[in-house]
There are 4 protein chains.
Amino acid sequence: MATREAAASTPNRRRDTRRRIQEVALRHFIERGYETTSLREIAEELGVTHAALYYHFRSKEDILVSVAEGLGGPIDELIAWGDQQPGTLRTRQELLTRYSEALTAAAPLFQLMQENQAVLRKLSIGQTLNDRVAALSRLIHVPEAPLEAQVRASSALMTVHFGAFSLYALPGDAEEKRKALLGLGLELLAAADAEHR
Amino acid sequence: MATREAAASTPNRRRDTRRRIQEVALRHFIERGYETTSLREIAEELGVTHAALYYHFRSKEDILVSVAEGLGGPIDELIAWGDQQPGTLRTRQELLTRYSEALTAAAPLFQLMQENQAVLRKLSIGQTLNDRVAALSRLIHVPEAPLEAQVRASSALMTVHFGAFSLYALPGDAEEKRKALLGLGLELLAAADAEHR
Amino acid sequence: MATREAAASTPNRRRDTRRRIQEVALRHFIERGYETTSLREIAEELGVTHAALYYHFRSKEDILVSVAEGLGGPIDELIAWGDQQPGTLRTRQELLTRYSEALTAAAPLFQLMQENQAVLRKLSIGQTLNDRVAALSRLIHVPEAPLEAQVRASSALMTVHFGAFSLYALPGDAEEKRKALLGLGLELLAAADAEHR
Amino acid sequence: MATREAAASTPNRRRDTRRRIQEVALRHFIERGYETTSLREIAEELGVTHAALYYHFRSKEDILVSVAEGLGGPIDELIAWGDQQPGTLRTRQELLTRYSEALTAAAPLFQLMQENQAVLRKLSIGQTLNDRVAALSRLIHVPEAPLEAQVRASSALMTVHFGAFSLYALPGDAEEKRKALLGLGLELLAAADAEHR
DNA sequence: CATGAATGAGACTTCATTCAT
DNA sequence: TATGAATGAAGTCTCATTCAT
């Protein structure tokens with residue numbers, strides 16, 4: 001048994017350390033900023049040398065990229081899904097709903113993106129993240145609609161998106177708050193659609 | 001004559017250089033991030049040595065602070081004004097309206113703040129900027145209102161605030177877009193108020 | 001007077017430090033190899049921080065390049081001169097003679113090149129140095145000559161070139177040894193020419 | 001069967017891997033320099049981890065030493081042979097002839113030595129290689145001869161030695177070129193001897 | 001007002017090496 | 001035999017900052 005356990009733990013250790021690095025890195029990147037966070041800092045919290053990080057990742061940016069990919073996957077799937085749906089109100093509402101749900105898990109990533117935009121812009125990954133937001137924005141909007149409708153659609157997305165970060169302070173259950181934000185978002189989309197007709 | 005001219009022009013030139021430093025610095029901070037922007041970079045664009053900046057400012061952070069203060073002033077006045085008004089719907093709407101107007105001039109500052117949050121957090125100035133947003137949020141909200149109303153109020157502020165940065169892509173006149181955003185914001189505040197009653 | 005001296009010494013200090021860096025760097029590069037020499041090492045001998053080197057040079061390679069350019073100049077002039085002469089025996093002998101003289105000053109550079117070829121190959125400067133040798137080789141050779149003549153011509157250049165580094169051990173005055181090497185080189189060129197006819 | 005085969009193949013495979021490591025290492029050391037070549041690089045080309053190299057060699061330097069010993073053996077034998085011969089012209093010519101032949105196989109080693117001198121100097125092995133050249137030089141020279149004769153003898157060795165590396169560019173069969181170089185070398189030795197008398 | 005020169009701290013990165021498995 | 005994981009030393013470079021001139 002002991003042998004079996006040891007044998008099983010060996011390949012796990014790597015994945016485990018990798019994951020732990022990503023975890024700690026993401027937290028630090030969010031709390032202290034990507035540029036301001038040093039690898040030594042991350043390594044110290046993990047109880048390893050900073051050289052050890054280079055066994056698991058090729059560079060600092062590589063750590064960030066790996067984190068972003070892991071967390072951004074669901075959003076990408078959502079965008080891909082949205083691209084294949086007809087551009088109806090129902091689609092836009094469904095999109096917003098799914099986005100709201102996906103955001104629960106991806107929130108840290110987006111917070112990271114939002115709080116480090118300027119620095120990330122020059123990193124290859126920066127473009128990718130911005131692209132995701134742009135893609136969502138495109139799917140939510142109706143290009144031919146009047147300005148008022150456009151603004152309403154934008155507001156719907158902003159409400160769900162930024163609300164996820166801004167409403168920490170508000171009392172109440174997180175899930176409840178998310179539903180309230182989503183409710184308002186859906187309402188705004190419906191109103192935008194009504195204006196469009 | 002030469003002497004007199006020099007004597008007279010000195011304080012002007014000095015103030016002028018200060019302003020030019022702030023201008024260039026703000027642009028770089030926004031475009032490339034506060035941490036990523038080096039003083040050498042700023043100095044080079046101004047055609048001086050980076051050591052020269054220290055004649056006008058005590059430190060890199062000092063440049064940032066001076067910029068933030070200059071641009072943030074109007075917002076502070078707005079908050080001060082709001083604090084002295086009764087907490088009525090009219091006040092909240094007036095606040096949002098004035099904020100929308102102030103944002104036109106202060107937009108660069110807020111973009112800087114938003115895109116460098118993580119880094120600014122540890123700088124004394126970071127707190128100040130976040131405080132402003134928090135203060136506005138507080139003034140816009142009605143603490144005892146139900147969650148739906150709170151979310152609506154939040155959305156109103158987010159629409160006006162983030163819309164100012166996010167709606168670049170949309171076609172149309174900037175001022176027109178601002179008014180559309182403000183219009184929706186006011187509507188949301190009104191609806192929040194109605195729910196509250 | 002003291003003032004004048006000080007005023008004069010200020011602009012000199014820079015050129016002086018630059019030169020001293022080049023001097024020390026060249027020595028270390030030759031003695032311990034380019035890759036194996038650390039900037040800290042050079043700085044320590046100069047009594048400055050290694051960061052100071054970066055005030056005068058943009059990179060380690062930049063130091064090497066600047067040294068190579070300074071020492072390689074005369075060789076370049078020689079090649080340019082040779083390119084404009086007719087391809088006679090006299091020209092080739094004159095070329096070898098001048099090369100032998102130039103080598104006295106450029107010897108350290110060529111020793112550096114020779115002893116670090118493998119590493120320098122990937123540095124942009126490496127190509128440049130090899131190009132110089134190739135150009136000289138081309139000027140010394142007579143393309144249409146039979147193999148024996150070619151070998152003699154090559155040998156003439158190798159004798160003068162490598163002899164400058166290899167004959168340290170031999171007793172005798174350096175200038176005398178140089179003349180002996182050159183004498184043999186000229187003889188070999190003449191013999192090559194005779195074979196060619 | 002499987003067991004027997006494995007048992008039998010193990011020492012062979014081991015020797016084989018050792019040889020492959022030496023082979024790849026030598027090539028990389030020559031092409032990219034000893035210092036600049038990393039063990040990871042070598043291991044990657046061999047399809048193993050860099051840690052695996054430590055099963056076959058104790059250190060990076062150990063790889064180099066083993067390579068040098070393997071390739072340098074014939075030269076050592078030649079020197080040993082030369083030490084026991086009388087110091088006649090015939091001996092010196094025979095020495096040069098044998099050296100020219102040995103060089104064909106040992107060329108890679110000498111190229112490595114020549115192109116990495118600076119780095120090798122501080123490695124114990126560096127001395128060894130330089131010693132070989134010095135020993136050859138000593139055997140070729142006649143200490144009491146006049147400078148002209150010494151230079152001729154040196155030139156003979158340099159012609160054969162450096163010619164082996166420098167005459168790549170020249171057209172013609174390699175063996176033919178080698179013979180031409182040797183021919184000139186022998187001639188130079190003879191002329192040196194004539195001068196000596 | 002501004003520059004030239006230098007510093008000290010710290011960042012990312014690479015490498016040879018070790019050791020349990 | 002070889003790998004996965006980690007280490008510690010070292011290296012190059014950048015930056016904000018200082019100070020005499």
Side-chain angles (χ1 to χ4, degrees), chain A residues 3 6-7 9-18 35-41 43 46-62, chain B residues 6 10-11 13-14 17 35-41 43 46-63, chain C residues 3 6-7 9-11 13-18 35-41 43 46-62, chain D residues 6 9-11 13-14 17 35-41 43 46-63:
Chain A
T3 314
S9 82
T10 299
N12 274 11
R13 240 242 299 277
R14 175 183 190 145
R15 229 177 288 153
D16 201 54
T17 303
R18 247 190 92 91
E35 281 287 325
T36 320
T37 299
S38 79
L39 294 187
R40 188 169 256 112
E41 210 176 307
L46 288 169
V48 295
T49 317
H50 64 292
L53 304 187
Y54 283 88
Y55 179 77
H56 296 279
F57 297 93
R58 259 193 326 241
S59 67
K60 188 184 181 183
E61 186 175 345
D62 196 33
Chain B
T10 298
R13 240 213 289 163
R14 175 174 180 167
T17 303
E35 279 290 324
T36 319
T37 298
S38 77
L39 292 186
R40 189 173 252 110
E41 212 177 305
L46 289 169
V48 296
T49 320
H50 62 296
L53 303 185
Y54 284 85
Y55 180 79
H56 298 278
F57 297 92
R58 254 183 336 215
S59 68
K60 188 185 180 184
E61 186 176 345
D62 195 32
I63 298 179
Chain C
T3 314
S9 84
T10 300
R13 240 243 295 276
R14 181 193 183 137
R15 228 177 288 153
D16 202 52
T17 304
R18 246 190 91 92
E35 280 288 326
T36 319
T37 298
S38 80
L39 294 186
R40 189 169 257 113
E41 209 177 306
L46 288 169
V48 297
T49 319
H50 66 292
L53 304 187
Y54 283 89
Y55 179 77
H56 296 279
F57 297 93
R58 259 192 326 237
S59 67
K60 188 184 181 183
E61 186 175 345
D62 197 33
Chain D
S9 80
T10 299
R13 242 215 285 163
R14 176 176 182 169
T17 303
E35 279 289 324
T36 318
T37 299
S38 77
L39 292 187
R40 188 175 252 109
E41 211 177 307
L46 288 168
V48 295
T49 319
H50 61 298
L53 303 184
Y54 283 84
Y55 180 79
H56 298 279
F57 296 94
R58 255 185 334 218
S59 67
K60 187 185 182 185
E61 188 175 344
D62 196 33
I63 298 180

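It should be emphasised that the depicted structure is a prediction, and the values quoted were computed from it without experimental measurement. To find a chain, count down the sequence lines: A is the first, B the second, and so on, and within it residues start at 1.
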Query - Whole angstrom value for the distance that separates C1' of dT13(E) from CD of E61(A) - result: 14 Å

Query raised in the report: Got T17(B) and V48(B) here, is their nearest side-chain heavy-atom distance under 4.5 Å?
Result: no

Query - OG1-CZ distance between T49(C) and R40(C), expressed to the nearest 0.5 angstrom - result: 9.5 Å

Query - Residue S38(D), side-chain heavy atoms: nucleotide from dT14(E), dA6(F), dA16(E) that is nearest - result: dA16(E)

Requested in this report: Identify, between L53(C) and L39(A), the residue whose nearest nucleotide on DNA chain E lies closer to the 5' end.
Outcome: L53(C)

Query - Gap between atoms CD and P, on E35(B) and dC12(E) respectively (whole Å) - result: 11 Å

Report summary line: Of the candidates dT7(E), dT17(F), dC13(F), the side chain of K60(B) sits closest to dT17(F)

Query raised in the report: So what does T37(B) hit on the nucleic acid, given a heavy-atom distance under 4.0 Å: a base, only sugar-phosphate, or nothing?
Result: sugar-phosphate

Query raised in the report: Closer to the 5' end of DNA chain F via nearest nucleotide, is it V48(A) or R58(C)?
Result: V48(A)

Query raised in the report: Could you state the CZ-C1' distance from F57(B) to dA2(E), rounded to the nearest angstrom?
Result: 15 Å

Query raised in the report: OP1 or OP2 of dA6(F) sitting under 4.0 Å from any side-chain N/O of T17(A)?
Result: yes

Query raised in the report: Is the distance from OP1 or OP2 of dA2(E) to the nearest side-chain N or O of H56(B) less than 4.0 Å?
Result: yes

Query - Minimum-distance nucleotide (side-chain atoms of Y54(A) versus dG8(F), dT14(E), dT17(F)) - result: dT14(E)

Query raised in the report: Distance-only, no hydrogens or angles: does the S59(B) side chain make a donor-acceptor pair with backbone N or O of D62(B) under 3.5 Å?
Result: yes

Report summary line: Residue pair R40(D)/T36(A) against DNA chain E: nearer the 5' end by closest nucleotide is T36(A)

Query raised in the report: Which pair of heavy atoms, one from E35(C) and one from T36(D), lies closest together, and at what distance?
Result: CG-OG1, 3.8 Å

Query raised in the report: Of the nucleotides dT3(E), dA5(F), dC12(E), which has the atom closest to the Y55(A) side chain?
Result: dA5(F)

Query raised in the report: Is a donor-acceptor contact shorter than 3.5 angstrom present between the side chain of H50(C) and the base of dC13(F)?
Result: yes

**Report entry** 5'-to-3' dot-bracket of DNA chain F (Watson-Crick, G-U; under 3.5 angstrom; crossing pairs as [ ]; | other strand)
**Finding:** .||||||||||||||||||||

Query raised in the report: Which nucleotide sits closest to the side chain of A51(C): dT3(E), dG4(F), dC15(F)?
Result: dC15(F)

Report summary line: dist L39(B):CG -> L46(B):CG (nearest 0.5 Å) comes out at 11.0 Å

